[in-house]
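When reading the values below, keep in mind they use all heavy atoms of this one structure, side chains included, and skip hydrogens, waters and symmetry mates. Given the structure is predicted, the values throughout are model-derived calculations rather than measurements.
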Amino acid sequence: MITIYDIAKKANVSAMTVSKVINQTGRISQATRERVQQVIEELGYIPNSNARSLVLQRTQMLSLLITDITNPFYTTLARGAEDAANLRGYRLLFSNSDEDYDKEKNYVETILSTRVDGVLFAPAGDRSLSHLKQLQERSIPFVILDRTVPGITSDVIAGDSRDGALQLIRYLTNLGHRCIALVNGSSEVSTARLREEGYMEGLREAQLPFDEGLILRTGYRDFSDEVGIDSLLAHQHKPTAIFAANNMLAIGVIRLLRKRGLRVPEDISVVCFDDLDLASAFDPFLTVAAQPAYDFGAIGMQMLIDRIEGKAPEEPQTVILPSEMRIRASASIPSP
């Protein structure tokens, strides 16, 4: 087995110099560094990760905790996080809470018992505060993804949920819609609150009255609330359009509308936050405020690793990524 002493002998340097090159520590001339790297490649040396972690006091292992792996937004986000971790020499452990606080708690306890260098964390909602505080108490670096949690100060990467929702409502009102329903996530989730704010701002811009009866608050997953949909459709001011606060809600809404013999967009328009990977195969094509899901994961991971390696600014950073309107066929001018 090739050792650092073999490399040192062939490169005519000390074993300590070889160790510094491998671990990217210390001050070494570029010429010496290149000579050692060349010998490493020639001999086919593979660094011992356990030994390297002892030198750096790191394991090069990170955790990604998301809320719904079935949602294309998080699937794409996870890919961005994994690619960015690999580029920086880290390995990634995946966990999925299913928007469930108890499941999230169990994963956090697993993270605390495992030697990971940091966590990319998409919280289930406001009650994730206690889980995040556990990480803080153990001095485990983390970056919060997509959602914020009151009471926690940390690095955050999020989308502009309020503005994206406003753009969707503005689009519907410009088409002529005057009665727009909202199918939203739980009010315990920051993105749901912000998207509702954007919805209400869009109504105010168009000088439309706010009607609490046109809001259905539910979870972000597996939407199948037939009673809720029926209550919206039976409202005295029947909506001509529905804004679904995420893609999974939109799929559920459209399925329930079709079950009731309603066509989209001929009978009722539907728009939503977040795109679908298979949007082109979903009839009708959804008009969406699309977030750069891959960038959420990639940039969030870069922020986390910079924090771990001492390269981040001292103060926590917040990055807000804008959404992009993608106009398709699921919304049209309302029937007279």
Side-chain angles (χ1 to χ4, degrees), residues 66-79 96-100 122 124-125 146-147 159 161 164-165 167-169 171-172 175 177 180-189 191-192 194-196 198-199 214-233 238-294 296 323-332:
I66 57 177
T67 61
D68 185 5
I69 195 61
T70 66
N71 187 327
F73 171 77
Y74 284 112
T75 306
T76 305
L77 181 154
R79 183 55 186 266
N96 172 54
S97 71
D98 286 324
E99 304 275 6
D100 182 275
D146 188 33
R147 306 166 179 181
S161 284
Q167 296 300 324
L168 287 168
I169 301 305
Y171 174 68
L172 289 173
L175 286 176
H177 291 277
I180 303 168
L182 167 62
V183 177
N184 203 1
S186 167
S187 58
E188 285 192 359
V189 180
T191 53
L194 290 168
R195 289 169 197 181
E196 188 165 324
Y199 164 81
L214 289 175
I215 297 182
L216 178 59
R217 298 179 183 89
T218 179
Y220 269 145
R221 303 180 71 245
D222 303 326
F223 179 72
S224 58
D225 187 353
E226 303 212 21
V227 174
I229 283 292
D230 287 339
S231 70
L232 292 180
L233 297 177
K238 184 177 178 179
T240 59
I242 296 176
F243 164 38
N246 85 343
N247 46 15
M248 306 303 282
L249 290 176
I251 291 173
V253 165
I254 291 175
R255 283 175 178 159
L256 292 177
L257 292 175
R258 287 178 170 175
K259 187 175 179 180
R260 284 150 181 76
L262 295 174
R263 300 165 300 164
V264 178
E266 292 86 353
D267 299 317
I268 187 167
S269 293
V270 176
V271 298
C272 77
F273 219 100
D274 288 334
D275 208 349
L276 289 165
D277 284 346
L278 301 178
S280 60
F282 191 69
D283 180 26
F285 304 148
L286 277 168
T287 289
V288 302
Q291 299 189 100
Y294 185 92
F296 271 74
S323 56
E324 175 191 352
M325 282 288 294
R326 295 179 183 172
I327 309 301
R328 300 191 180 111
S330 65
S332 64

Review point. Hey, are the side chains of P239 and L214 touching, using non-hydrogen atoms and a 4.5 Å cut-off?
Key: yes
Point to revise | Note, L233 side chain near L262 side chain (heavy atom, < 4.5 Å) | key: yes
**Study point:** Nearest heavy atoms of G185 and L249, plus distance in Å
**Key:** N-CD1, 4.1 Å
Exercise for review: Quick one: pull up NZ in K238 and CG in D267 and give me the separation to the nearest 0.5 Å.
Suggested key: 7.5 Å
Review point. Under 3.5 Å, side chain of S269 to main-chain N/O of S332, donor-acceptor pair present?
Key: yes
Point to revise | Close side-chain approach of V253 to F223, heavy-atom, < 4.5 Å | key: yes
Check your understanding: R195 versus L182: any side-chain heavy-atom pair under 4.5 Å?
Key -> no
Revision key, fill the gap. Of all heavy-atom pairs linking F73 and N247, the shortest is N-ND2, 4.3 Å
Review point. Is there a donor-acceptor pair under 3.5 Å between the side chain of T287 and the backbone N or O of R328?
Key: yes
Review point. So does R260 have more than 12 non-hydrogen atoms from other groups sitting under 6.0 Å from CZ?
Key: yes
Practice item. Verify, without hydrogens or angle tests, whether D274 (side chain) and N246 (backbone) share a donor-acceptor contact under 3.5 angstrom. Key: no
Practice item. Work out which heavy atom in I229 is nearest to a heavy atom in L216; give both atom names and the distance. Key: N-CD2, 4.1 Å
Point to revise | Heavy-atom side-chain proximity of T67 to D146 below 4.5 angstrom | key: no
Point to revise | SB check D100 R221 (cutoff 4.0 Å) | key: no
Practice item. Applying ring pair (Phe, Tyr, Trp, His ring centres under 6.0 Å), name anything that partners F273, two or more places apart in sequence or on another chain. Key: none
Revision key, fill the gap. Looking only at heavy atoms, the pair that brings L286 and I254 closest together is CD2-CD1, 3.7 Å
**Study point:** Under 3.5 Å: donor-acceptor pair, side chain of R147, backbone of A124
**Key:** yes
Review point. Do side-chain atoms of N96 reach the backbone of D68 as a donor and acceptor pair under 3.5 angstrom?
Key: yes
Check your understanding: Have Y220 and T191 got a donor and an acceptor in their side chains that come within less than 3.5 Å?
Key -> yes
Check your understanding: Below 4.5 Å, heavy atoms only, C-beta onward: do L257 and I242 meet side chain to side chain?
Key -> yes
